[in-house]
Protein chains: 2
Amino acid sequence: MTARTNSPRESIFRDLIVGLYEGRYAPGQRLTEAQLASTYNASRGPVREALNRLEAAGVVDLTLQRGACIRKLSLKESLDSLIIAEGLVSIAARFAAQNVEKDGARERMTAALDDVVGRDPSDAPNDPNLARARDSFYGTLTALSENSQLGRAMPSVQIHLLRVQFAKIIREADLWRHEDYRKIAEAVISGDGDAAEAAVHAHFSRVIKLFTDQLAEQGADGVVA
Amino acid sequence: MTARTNSPRESIFRDLIVGLYEGRYAPGQRLTEAQLASTYNASRGPVREALNRLEAAGVVDLTLQRGACIRKLSLKESLDSLIIAEGLVSIAARFAAQNVEKDGARERMTAALDDVVGRDPSDAPNDPNLARARDSFYGTLTALSENSQLGRAMPSVQIHLLRVQFAKIIREADLWRHEDYRKIAEAVISGDGDAAEAAVHAHFSRVIKLFTDQLAEQGADGVVA
DNA sequence: GCTTTCATATTGTCCTACATTATTGTACTA
DNA sequence: TAGTACAATAATGTAGGACAATATGAAAGC
């Protein structure tokens with residue numbers, strides 16, 4: 001809608017994120033400018049611009065004179081991101097519920113929910129399609145909230161990164177996925193902002209507790225490099 | 001602390017934000033690469049990289065084939081930013097209160113408060129020093145919260161931008177500045193997370209109400225270009 | 001085994017060049 | 001005079017080459 005996205009800079013920026021969701025790029029992976037330039041048939045200029053934007057988005061770690069690697073979150077950073085995500089998704093859900101009478105809001109919410117729960121709970125937790133469906137669920141919530149700034153603040157990519165890195169920790173909470181998401185969606189669809197917020201809180205609390213516990217345990221064991 | 005910041009890219013990035021706070025750059029202002037390059041004695045490469053990062057931070061609007069200008073927020077975008085800021089500052093305040101026993105936390109909070117309230121309430125609302133003091137107050141809150149991701153998500157620059165643009169609207173709420181900030185700081189210092197959150201909510205509610213009203217009024221009048 | 005030194009690779013920046021595109025001013029027409 | 005077509009100008013987006021500064025890893029020396 002807004003812009004032609006054929007430009008190298010855009011392509012690289014988008015494909016790196018898509019590639020992250022598809023598993024073509026993994027946390028910690030080193031990215032050299034030359035390699036990216038050759039991969040995307042671009043020169044170093046656009047590559048560097050894309051990397052700068054990716055760093056600002058929190059996708060990439062840019063160390064001076066060392067270059068870029070896909071960001072690798074610590075447990076603490078992950079927990080911090082989850083806390084922020086809870087706050088922002090709460091806002092999204094509350095306003096989405098407020099706007100649920102508009103247009104095809106209910107339909108979109110229902111579709112997004114079906115996309116997430118229309119999968120076996122025992123699916124591979126890092127299945128790219130599930131990741132996309134999850135992202136789309138939160139994306140729908142954000143879109144329905146009609147807050148133009150939520151997308152910028154929401155740490156969606158970080159959440160994806162931490163899911164990839166700490167799949168083991170999250171697995172337990174993922175068993176509630178269907179139930180949690182359904183409750184959120186139903187609250188939104190019924191226009192009940194308070195219930196929507198509560199449902200979001202219930203969902204995130206599970207995950208946050210797992211990370212808090214893990215962090216305490218790690219702290220007791222001593223820090224691992 | 002972390003990096004030499006003498007590099008052109010860093011200098012440009014930082015100085016543009018500083019210049020925004022000092023009034024050297026104003027919302028809507030056009031920025032051409034050549035002009036920036038000559039101003040900072042750099043070539044176009046680093047300038048473009050800085051601009052890309054500034055766009056990701058929401059400081060600059062980058063239109064394809066048209067270049068950059070300092071972002072100009074609409075009333076709606078401003079309101080959206082305020083809503084997000086309320087959510088994130090609430091989180092910051094709650095956790096800051098939790099951590100208030102640590103180190104020099106109380107001292108830092110007190111100092112930040114003094115810096116804001118140690119000024120006449122009738123100060124020029126856009127006084128650069130006041131703007132910095134305000135930013136420092138929220139910065140302290142964020143720092144004390146010890147959430148490593150809050151800084152990334154917090155729309156601090158946007159808040160500054162909207163303050164500059166809509167100084168008139170905000171003026172009324174600014175009369176409560178001393179009282180509001182004092183309540184937030186006292187709640188944090190006393191370690192009462194709930195009270196801190198409530199104080200933050202009280203403060204933002206004033207501003208948000210002004211913008212909501214203004215937006216409704218503008219909607220009634222018909223849109224103004 | 002540990003440290004030092006050196007070779008290599010990569011980044012950060014500069015420069016030039018040029019196609020593409022937006023903007024602007026001008027001339028022409030009705 | 002108003003409005004449109006068009007050309008001149010300016011700025012962006014990208015390519016490609018060059019080089020200093022620096023990190024990384026390997027070889028050499030103790």
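Heavy atoms only: backbone and side chains are in, while hydrogens, waters and symmetry mates are out. The sequence lines fix the lettering, A, B, ..., with proteins before strands; numbering per chain opens at 1.
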Could you state the atom-to-atom distance from CZ of B:Phe13 to P of C:dT13 in whole Å?
14 Å
Residues B:Glu55 and A:Arg152 bridged, charged N to O under 4.0 Å
no
Between P on C:dT20 and CZ on B:Arg66, what's the gap in Å once rounded to a whole number?
21 Å
Does a side-chain heavy-atom distance below 4.5 Å link B:Phe211 with B:Ile170?
yes
Pairs under 3.5 Å (N/O, protein and nucleotides 5-9 of chain D):
none

Please determine whether a side-chain nitrogen or oxygen atom of B:Ser7 lies at a distance below 4.0 Å from atom OP1 or OP2 of C:dT13.
yes
To the nearest angstrom, how far is A:Ile12 atom CD1 from D:dG13 atom C1'?
12 Å
pair A:Leu51-A:Leu36: side-chain heavy atoms closer than 4.5 Å:
yes
B:Leu64 has an atom CG; how far is it from atom C1' of C:dT20, in whole Å?
10 Å
Does NZ in A:Lys72 sit with more than 12 non-hydrogen atoms of other residues, nucleotides or ligands closer than 6.0 Å?
no
Rounded distance (Å) that lies between atom C1' of C:dT11 and atom CG of A:Leu36
13 Å
With sequence neighbours left out, write down each residue that passes ring pair (Phe, Tyr, Trp, His ring centres under 6.0 Å) with B:Tyr40, or none if nothing qualifies.
none
Could you state the CD-P distance from B:Glu33 to D:dA11, rounded to the nearest angstrom?
10 Å
The correct set of residues in residues 42-60 of chain A placing a heavy atom under 4.0 Å from DNA chain C is A:Arg44, A:Arg48
May I have the distance from A:Asn6 (atom CG) to D:dG13 (atom C1'), rounded to whole angstrom?
13 Å
Do the side chains of A:Asp80 and A:Pro155 get nearer than 4.5 Å, heavy atoms only?
no
Under a 4.5 Å cut-off applied to non-hydrogen side-chain atoms, are B:Met109 and B:Leu141 in contact?
yes
Gap between atoms CG and P, on A:Asn41 and D:dT14 respectively (whole Å):
14 Å
Kindly say whether the aromatic ring centers of B:Tyr181 and B:Tyr138 come within a distance under 6.0 Å.
yes
Which nucleotide wins on minimum distance to the side chain of A:Arg9, given the candidates C:dT10, C:dG12, D:dT14?
D:dT14
Lys/Arg N to Asp/Glu carboxylate O, B:Asp15 vs B:Arg24, below 4.0 Å:
yes
